[in-house]
> 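My structure is below; once you've seen it, I'll send some questions.
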Amino acid sequence: TEYKEFKYNEGEEFNGIIKYLTNKTGGNVHDNKTIEVTSNSLYDNYKLPKYVVDYESNTGFFSKDDDGTFLCFDFKDKIIQITNYSIESYGQEKNMCHPKNWVAEVSEDGSNWIEIDRHIDDPSLNEHSITVTFKVQKEINGFYRYFRILQTGISWDERSNHFYFGIRHVELYGKLKEFENK
């Protein structure tokens, strides 16, 4: 099976795998069941995981004050190899719900995870609606069905020791293999 490659280009933070699938399917890739975006912690029914892949919406995802919150992307019948990922921070001011400690991981089965990137006390997303693209620290040759961002400590919330986790958008770069029925 051939793969399509999506290289990250500076200034095109949201023009990768998710954007390609959105254009191909004509809408939100979670709503149209192309991929599934889930979390283990929802603040309410208005800031759902599906909004991180909807670049037309500024709603974003927001979690409860839970340790170990994750955003998981299930590519279902497709597999991916990640080289970079972009995160746009949530629409809150500095020192609020922004990611501070996290790992990016991939999995074949959704149970066994391989860490490809780790951030500890990282200030790069601690701003209102800022976009940062990260190159994965551990490039792997395999293809995987799942990608997730797992919070591994407190967020930047200045009220101290809070785990509120907010992300507006996520995009992925690398290789995508699609298995089409011909």
Side-chain angles (χ1 to χ4, degrees), residues 1-9 11-63 69-91 99 102-117 129 131-136 139-151 165-182:
T1 303
E2 290 296 307
Y3 62 80
K4 289 182 176 60
E5 189 162 8
F6 300 86
K7 291 188 191 260
Y8 166 64
N9 295 309
E12 294 181 26
E13 277 67 28
F14 293 96
N15 193 18
I17 294 171
I18 306 285
K19 177 76 170 189
Y20 163 78
L21 291 171
T22 299
N23 291 343
K24 182 177 176 179
T25 61
N28 181 304
V29 291
H30 174 87
D31 287 346
N32 66 31
K33 301 186 180 345
T34 303
I35 68 172
E36 185 177 23
V37 188
T38 56
S39 178
N40 58 345
S41 177
L42 300 177
Y43 185 78
D44 60 32
N45 287 328
Y46 301 102
K47 299 168 186 76
L48 300 171
K50 71 175 189 169
Y51 289 117
V52 301
V53 295
D54 189 340
Y55 304 150
E56 303 300 308
S57 165
N58 282 330
T59 303
F61 162 75
F62 198 82
S63 80
T69 295
F70 65 75
L71 264 176
C72 182
F73 301 77
D74 177 357
F75 281 81
K76 297 182 175 182
D77 58 346
K78 296 168 248 343
I79 50 176
I80 53 169
Q81 185 181 96
I82 305 294
T83 56
N84 305 75
Y85 60 101
S86 296
I87 296 177
E88 181 183 353
S89 68
Y90 198 75
W102 75 92
V103 292
E105 300 175 314
V106 291
S107 175
E108 288 179 42
D109 59 8
S111 297
N112 300 296
W113 295 90
I114 299 166
E115 182 180 311
I116 58 173
D117 202 35
S129 305
T131 300
V132 180
T133 300
F134 301 94
K135 180 169 177 28
V136 303
E139 287 199 39
I140 44 176
N141 291 324
F143 281 79
Y144 296 87
R145 175 177 164 178
Y146 299 89
F147 171 79
R148 80 175 175 186
I149 298 166
L150 171 67
Q151 187 170 246
F165 189 58
I167 289 180
R168 185 171 279 166
H169 295 124
V170 174
E171 177 59 289
L172 306 175
Y173 299 90
K175 295 173 183 167
L176 170 71
K177 277 189 190 178
E178 298 178 271
F179 302 93
E180 312 247 348
N181 299 326
K182 294 192 173 160

> Using the test side chain to side chain contact (heavy atoms under 4.5 Å, CB included), find all partners of D31 that sit at least two apart in sequence or belong to another chain.
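D31 satisfies side chain to side chain contact (heavy atoms under 4.5 Å, CB included) with N28, K50 once adjacent residues are dropped.
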> Using the test side chain to side chain contact (heavy atoms under 4.5 Å, CB included), find all partners of T22 that sit at least two apart in sequence or belong to another chain.
I18, V29
> Decide yes or no for V103 and W113: does some side-chain heavy atom of the first lie under 4.5 Å from some side-chain heavy atom of the second?
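With C-beta onward as the side chain, the pair stays apart.
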> Check salt bridge (Lys or Arg N to Asp or Glu O under 4.0 Å) between E36 and all other residues, then give those that pass, not counting sequence neighbours.
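Per chain and number, E36 pairs via salt bridge (Lys or Arg N to Asp or Glu O under 4.0 Å) with no residue.
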> Has S63 got a side-chain atom pairing as donor or acceptor with F165's backbone, closer than 3.5 angstrom?
yes
> K24: which residues meet the salt bridge (Lys or Arg N to Asp or Glu O under 4.0 Å) condition with it, sequence neighbours left out?
E178, E180
> Under the ring-ring contact (aromatic ring centres under 6.0 Å, His included) test, which residues partner Y43, sequence neighbours left out?
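Result, ring-ring contact (aromatic ring centres under 6.0 Å, His included) vs Y43: F62.
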> Compare all side-chain heavy atoms of F14 with those of E88 and state whether any distance is below 4.5 angstrom.
yes
> Holding to side chain to side chain donor-acceptor pair (under 3.5 Å), I want the full list of residues that pass it with Y8, two or more places apart in sequence or in another chain.
E13
> What residues, two or more places apart in sequence or in another chain, satisfy side chain to side chain contact (heavy atoms under 4.5 Å, CB included) together with N40?
T69, F70
> Taking the side chain as everything from C-beta on, heavy atoms only, tell me whether H169 gets closer than 4.5 Å to N58.
yes
> List in chain and number order the residues that pass side chain to side chain contact (heavy atoms under 4.5 Å, CB included) with I114, two or more places apart in sequence or in another chain; answer none if no residue qualifies.
V106, K138, Y144
> Applying salt bridge (Lys or Arg N to Asp or Glu O under 4.0 Å), can you list everything that pairs with K76, at least two apart in sequence or on another chain?
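So K76 forms no salt bridge (Lys or Arg N to Asp or Glu O under 4.0 Å) with any residue.
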> In chain order, what residues pass the salt bridge (Lys or Arg N to Asp or Glu O under 4.0 Å) check against K47, with sequence neighbours excluded?
D44
> With side chains defined as the heavy atoms from C-beta onward, is the minimum distance between L48 and H30 less than 4.5 Å?
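No - every pair of side-chain heavy atoms lies 4.5 Å or more apart.
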> Which residues pass the side chain to side chain donor-acceptor pair (under 3.5 Å) test with N112, sequence neighbours left out?
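If we apply the side chain to side chain donor-acceptor pair (under 3.5 Å) test to N112, skipping adjacent residues, the hits are D109.
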> Just jot down the ring-ring contact (aromatic ring centres under 6.0 Å, His included) partners of F134, sequence neighbours excluded, or say none.
Y85, W102, H119
> So does K135 have more than 12 non-hydrogen atoms from other groups sitting under 6.0 Å from NZ?
yes
